[in-house]
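What follows is one structure encoded as structure tokens, with my remarks underneath.
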Amino acid sequence: MGDFFRSAKFKILAGVFIVLLAFMLRAAWTGGLSPIISSAVGFVVTPLQRVSASISDTVRGYFERYTRADEIALENEQLHAEVNELRRQLVDYEQSKKENEMLKQFLDLKEQNPDFVLEPASVVARDPNDRFYSFTIDKGSLNGVSLHDPVVSADGLVGRVKEVGLNYSKVLTILDVAVDAGAYDVRTRDIGIIGGSIDLVDKGYCKMSYLPRESGAAAGDLVVTTGGGIFPKDLVIGRITRIADEAGGISLYAEIEPAADIPNLTDVMIIKAYDGQEEQPDE
């Protein structure tokens with residue numbers, strides 16, 4: 001034991017102890033121990049605090065997202081309802097705009113015929129196999145449409161109602177061989193019968209038959225309805241493009257180009273009633 005206290009190791013340990021004791025006494029005397037410990041603790045703890053804060057923010061955001069899920073779903077539902085309402089209003093606006101444009105187009109017809117009871121309608125279907133361009137409209141008996149009601153466009157006569165449903169009707173055009181109407185040449189006052197023709201339908205024309213042989217009717221003349229029967233008087237039908245002899249040479253006939261663009265119609269007007277209208281038998 002005595003040898004240890006005299007050894008170099010003991011002397012070195014004793015020296016280190018004395019230096020540390022002196023350092024600690026000095027630090028305690030000057031108050032410098034606390035800052036050193038505080039700095040050491042801060043150096044270790046600060047990175048841990050940063051990680052903890054990051055984890056805390058992530059967890060808080062995660063739970064906030066799910067706790068607000070019902071609120072967000074309600075907001076989305078309200079926005080969806082608002083979008084649907086705006087779409088509905090836009091459709092109503094476009095429909096009203098379209099009907100107003102149609103009424104403007106038919107204003108002259110109404111002014112010239114104040115007795116006409118008119119119903120606007122849109123073409124909703126066509127039969128691609130019907131060579132006479134018949135079509136279906138979106139108005140029927142619920143709108144006061146009846147069998148045989150005349151159908152017109154802003155330009156002239158189109159045809160008549162063939163079939164009536166609750167909310168639809170089918171229309172035969174003046175190009176159809178099943179349709180006929182009394183007609184006259186406005187210039188010469190010559191009278192004939194307008195009807196469809198197998199020979200002319202591919203040209204989009206109809207035929208005015210039974211013109212007298214002495215008729216002065218010529219290409220370019222305007223042809224309108226005589227009135228009586230299904231159609232009211234003075235509806236524009238179209239213009240004559242050609243005069244020719246009927247088979248057998250007893251009378252003349254005229255090829256008529258309709259004023260209405262029958263193959264491409266999108267909107268029409270139904271004449272539901274007019275002064276002097278005759279009651280028609282069911283088909």
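We number each residue from 1, following the sequence as shown. The figures that follow rest on heavy atoms only: side chains count, while hydrogens, waters and symmetry mates do not.
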Point to revise | Single hit among Ile256, Leu252, Asp221 for side-chain contact (heavy atoms from CB on, under 4.5 Å) with Met208 | key: Ile256

**Study point:** Nearest heavy-atom neighbours spanning Ala218 and Ile243
**Key:** CA-CG1, 4.2 Å

Check your understanding: Is there a side-chain contact between Ile137 and Val171 (heavy atoms, below 4.5 Å)?
Key -> yes

Practice item. State, yes or no, whether a side-chain contact exists between Val186 and Val223 at a heavy-atom distance under 4.5 Å. Key: no

Review point. Is it true that Glu246 and Lys207 make a salt bridge, defined as a side-chain N closer than 4.0 Å to a carboxylate O?
Key: yes

Check your understanding: Between Tyr168 and Glu163, does any side-chain donor sit less than 3.5 Å from a side-chain acceptor?
Key -> yes

Review point. If you round to the nearest 0.5 Å, how far is OG of Ser251 from CD1 of Ile193?
Key: 11.5 Å

Check your understanding: Can you tell me how far the CG atom of Leu211 sits from the OH atom of Tyr184, to the nearest 0.5 Å?
Key -> 14.0 Å

Exercise for review: Please round to the nearest 0.5 Å and tell me the distance separating atom CZ of Phe116 and atom CD of Gln277.
Suggested key: 9.5 Å

Exercise for review: Look at the side chain of Lys139 and the backbone N and O of Pro120, then say whether any donor-acceptor pair between them is shorter than 3.5 Å.
Suggested key: yes

Practice item. Scan side-chain atoms only and decide if Asp149 and Tyr274 contain a donor-acceptor pair under the 3.5 Å cut-off. Key: no

Exercise for review: Look up atom CD1 in Ile194 and atom CD1 in Ile237, then write down how far apart they are to the nearest 0.5 Å.
Suggested key: 4.5 Å

Check your understanding: Does atom CD1 of Ile198 have more than 12 heavy-atom neighbours, drawn from other residues, nucleotides or ligands, at distances under 6.0 Å?
Key -> yes

Practice item. Go through Val201 and Phe132 one step at a time and tell me if the side chain to side chain contact (heavy atoms under 4.5 Å, CB included) criterion holds. Key: CA-CA 7 Å; Val201 69; Phe132 301 115; 3.6 Å; yes

Review point. Would one find more than 12 heavy atoms of other residues, nucleotides or ligands at under 6.0 Å from atom CD of Glu85?
Key: yes

Check your understanding: Pick one: which of Thr173, Thr266, Asp127 meets side-chain contact (heavy atoms from CB on, under 4.5 Å) with Phe135?
Key -> Thr173

Review point. What heavy-atom pair brings Pro232 and Pro150 nearest, and what distance separates the two atoms?
Key: CD-CG, 3.9 Å

Point to revise | Thr225 (side chain) donor-acceptor with Leu235 (main chain) under 3.5 angstrom | key: yes

Check your understanding: Quick one: does Arg160's side chain have a donor or acceptor within less than 3.5 Å of a partner on Phe231's backbone?
Key -> no

Exercise for review: Check the pair Val123 / Thr136 against side chain to side chain contact (heavy atoms under 4.5 Å, CB included), numbers first and verdict last.
Suggested key: CA-CA 6 Å; Val123 177; Thr136 301; over 6 Å; no

Review point. Does Asn143 reach the main-chain N or O of Gly140 with its side chain, forming a donor-acceptor pair under 3.5 Å?
Key: yes

Check your understanding: Is the backbone N or O of Val124 less than 3.5 Å from a side-chain atom of Ser122, with the two atoms forming a donor-acceptor pair by type?
Key -> no

Point to revise | Heavy-atom check, side chain of Asp185 versus side chain of Ile240, under 4.5 Å | key: yes

Point to revise | Ile250 side, atom CD1; Arg213 side, atom CZ - distance, nearest 0.5 Å | key: 9.5 Å

Review point. Just wondering, do Thr241 and Tyr205 contact through their side chains at under 4.5 Å, heavy atoms?
Key: yes

Review point. So Lys110 and Asn113, side chain to side chain contact (heavy atoms under 4.5 Å, CB included) or not? Walk me through it.
Key: CA-CA 5 Å; Lys110 183 63 177 177; Asn113 304 275; over 6 Å; no

Check your understanding: Between Lys162 and Asp176, is there a salt bridge with N-O shorter than 4.0 Å?
Key -> no

**Study point:** Distance, nearest 0.5 Å, that separates CZ of Arg126 from CG of Leu265
**Key:** 6.0 Å

Review point. Taking C-beta and beyond as the side chain, do Ser153 and Asp267 meet within less than 4.5 Å on heavy atoms?
Key: no

Review point. Is Val145 reachable from Val151 through a run of hydrophobic residues whose side-chain heavy atoms are each under 4.5 Å from the next?
Key: yes

Exercise for review: Heavy atoms only: give me the nearest Cys206-Leu200 pair and the separation to one decimal.
Suggested key: O-CD1, 3.6 Å

Practice item. Evaluate the criterion side chain to side chain contact (heavy atoms under 4.5 Å, CB included) for residue pair Glu119 and Lys272; output intermediate values, then yes/no. Key: CA-CA 7 Å; Glu119 181 71 35; Lys272 297 190 292 185; 3.0 Å; yes

**Study point:** Asp199-Ser197 side chain donor-acceptor pair, cut-off 3.5 Å
**Key:** no

**Study point:** For Ser146 against Val164, the heavy-atom pair lying closest together
**Key:** C-CG2, 3.7 Å

Point to revise | Nearest heavy-atom neighbours spanning Ala178 and Leu172 | key: CB-CD1, 4.2 Å

Practice item. Measure from the side-chain N and O atoms of Arg239 to the backbone N and O of Gly220, and report whether any donor-acceptor pair falls under 3.5 Å. Key: yes

Check your understanding: Do Met269 and Ile174 belong together in a cluster built from hydrophobic side chains that touch within less than 4.5 Å?
Key -> yes

Review point. Taking C-beta and beyond as the side chain, do Leu157 and Val236 meet within less than 4.5 Å on heavy atoms?
Key: no

Check your understanding: Would Glu257 and Lys203 pass as an ion pair if we require N to O under 4.0 Å?
Key -> no

**Study point:** Co-membership, hydrophobic cluster, residues Val224 and Ile191, 4.5 Å side-chain
**Key:** yes

